[in-house]
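These numbers come from a predicted model, not from an experiment.
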Amino acid sequence: MEKVADIASDIGEYIRQQRNTAKISLRQLSKLAGVSNPYLSQIERGVRKPSAEILQQIAKGLRISAEALYVQAGILDLPTGGPVGDAIRADAELTERQKQVLLDVYESFRRENAAARPAATPATDSTPAAKPEESA
């Protein structure tokens with residue numbers, strides 16, 4: 001039960017940070033997200049744990065990826081892909097569907113390259129062996 005409270009607190013703090021970064025008041029975000037002001041306040045304080053639907057509405061209000069909130073809330077696992085994946089997810093010009101397609105293609109290239117790597121480069125020590133006369 002304590003873990004659920006920690007997750008609620010973490011997601012609330014994350015939403016507050018994103019709201020402050022966007023310079024949006026609690027009241028403005030509640031209007032943008034279509035969530036009541038008291039309920040949003042309870043989420044930010046960690047009193048309530050929002051559903052995935054509410055997180056999606058808040059993400060729209062903050063103009064951030066719903067996936068980012070899902071990860072913070074423990075609904076999704078931390079995404080892979082490093083800075084390229086982060087850049088794709090952060091691009092406000094792309095739809096969620098376009099982002100997912102790009103991420104899928106990118107991850108397939110990474111998997112393909114990772115699978116080909118062991119065959120192309122053997123995992124041996126690349127330092128030359130010492131000649132017997134040099135080791136004396």
Side-chain angles (χ1 to χ4, degrees):
M1 193 66 177
E2 202 173 296
K3 187 176 181 181
V4 172
D6 289 345
I7 290 172
S9 176
D10 291 347
I11 187 62
E13 180 60 31
Y14 182 77
I15 290 170
R16 180 182 290 121
Q17 288 171 354
Q18 293 300 311
R19 182 175 59 76
N20 289 335
T21 300
K23 295 183 171 81
I24 299 173
S25 72
L26 187 71
R27 183 164 288 159
Q28 288 171 316
L29 179 56
S30 75
K31 279 186 180 179
L32 290 169
V35 177
S36 77
N37 196 35
Y39 184 60
L40 185 57
S41 175
Q42 290 174 346
I43 292 170
E44 284 194 0
R45 289 182 285 128
V47 176
R48 299 268 185 144
K49 184 173 185 254
S51 68
E53 184 178 316
I54 297 295
L55 287 174
Q56 185 174 25
Q57 290 174 235
I58 292 170
K60 282 182 184 177
L62 289 170
R63 294 185 172 204
I64 63 172
S65 164
E67 185 179 57
L69 288 182
Y70 294 159
V71 169
Q72 286 294 320
I75 296 171
L76 286 178
D77 291 332
L78 188 62
T80 59
V84 174
D86 292 345
I88 292 170
R89 286 182 201 90
D91 192 331
E93 298 295 315
L94 300 175
T95 66
E96 290 300 316
R97 173 78 178 125
Q98 290 169 332
K99 290 176 188 180
Q100 191 56 56
V101 169
L102 277 173
L103 288 167
D104 289 346
V105 169
Y106 178 66
E107 283 304 315
S108 73
F109 286 151
R110 287 174 50 98
R111 281 191 303 273
E112 184 179 308
N113 290 345
R117 205 170 299 129
T121 56
T124 59
D125 188 6
S126 61
T127 55
K131 294 180 185 171
E133 62 270 9
E134 291 176 353
S135 62

A.B. asks: Is the shortest heavy-atom distance from the side chain of Arg16 to the side chain of Arg45 under 4.5 Å?
C.D. replies: yes
A.B. asks: Grouping I, L, V, M, F, W and Y whenever their side-chain heavy atoms are under 4.5 Å apart, do Val84 and Leu103 come out in a common cluster?
C.D. replies: yes
A.B. asks: Is the shortest heavy-atom distance from the side chain of Arg19 to the side chain of Leu62 under 4.5 Å?
C.D. replies: yes
A.B. asks: Quick one, Ile43 and Ile54 - any side-chain contact, counting heavy atoms below 4.5 Å?
C.D. replies: yes
A.B. asks: Taking the side chain as everything from C-beta on, heavy atoms only, tell me whether Leu55 gets closer than 4.5 Å to Ile15.
C.D. replies: yes
A.B. asks: Taking all non-hydrogen atoms of both residues into account, name the closest pair between Ala59 and Ala66 and its distance.
C.D. replies: CB-CA, 3.6 Å
A.B. asks: Rounded to the nearest 0.5 Å, what separation is found between the OG atom of Ser36 and the CZ atom of Arg27?
C.D. replies: 11.5 Å
A.B. asks: State which residues pass side-chain contact (heavy atoms from CB on, under 4.5 Å) with Ser108; sequence neighbours excluded, sorted by chain then number.
C.D. replies: Arg111
A.B. asks: Give the minimum heavy-atom separation between Pro50 and Tyr39, together with the two atoms involved.
C.D. replies: CA-OH, 3.8 Å
A.B. asks: State, to 0.1 Å, how close Tyr106 and Gly85 come at their nearest heavy-atom pair, and which atoms those are.
C.D. replies: CE2-N, 4.5 Å
A.B. asks: Which heavy atom in Gly61 sits nearest to a heavy atom in Leu32, and how many Å separate them?
C.D. replies: O-CD1, 3.6 Å
A.B. asks: Taking all non-hydrogen atoms of both residues into account, name the closest pair between Leu26 and Ser41 and its distance.
C.D. replies: CD2-CB, 3.7 Å
A.B. asks: Which distance, rounded to the nearest 0.5 Å, do you find between the OG of Ser30 and the CD of Glu44?
C.D. replies: 10.0 Å
A.B. asks: Would a distance-only check, ignoring hydrogens and angles, find a side-chain to backbone donor-acceptor pair under 3.5 Å from Tyr70 to Ala52?
C.D. replies: yes
A.B. asks: So, taking the atom named CD1 in Ile11 and the one named CD in Gln18, what distance separates them when rounded to the nearest 0.5 Å?
C.D. replies: 9.0 Å
A.B. asks: Only counting residues at least two apart or in another chain, list the ones meeting side-chain contact (heavy atoms from CB on, under 4.5 Å) with Arg63.
C.D. replies: none
A.B. asks: What is the minimum heavy-atom distance between Ile58 and Leu29, and which atoms define it?
C.D. replies: O-CD1, 4.1 Å
A.B. asks: With heavy-atom distances below 4.5 Å as the criterion, would you say the side chains of Lys99 and Glu67 are in contact?
C.D. replies: no
A.B. asks: Working to the nearest 0.5 Å, report the span between OG of Ser51 and CD of Gln57.
C.D. replies: 7.5 Å
A.B. asks: Between atom CZ of Arg48 and atom CG of Leu40, what is the distance when rounded to the nearest 0.5 Å?
C.D. replies: 12.0 Å
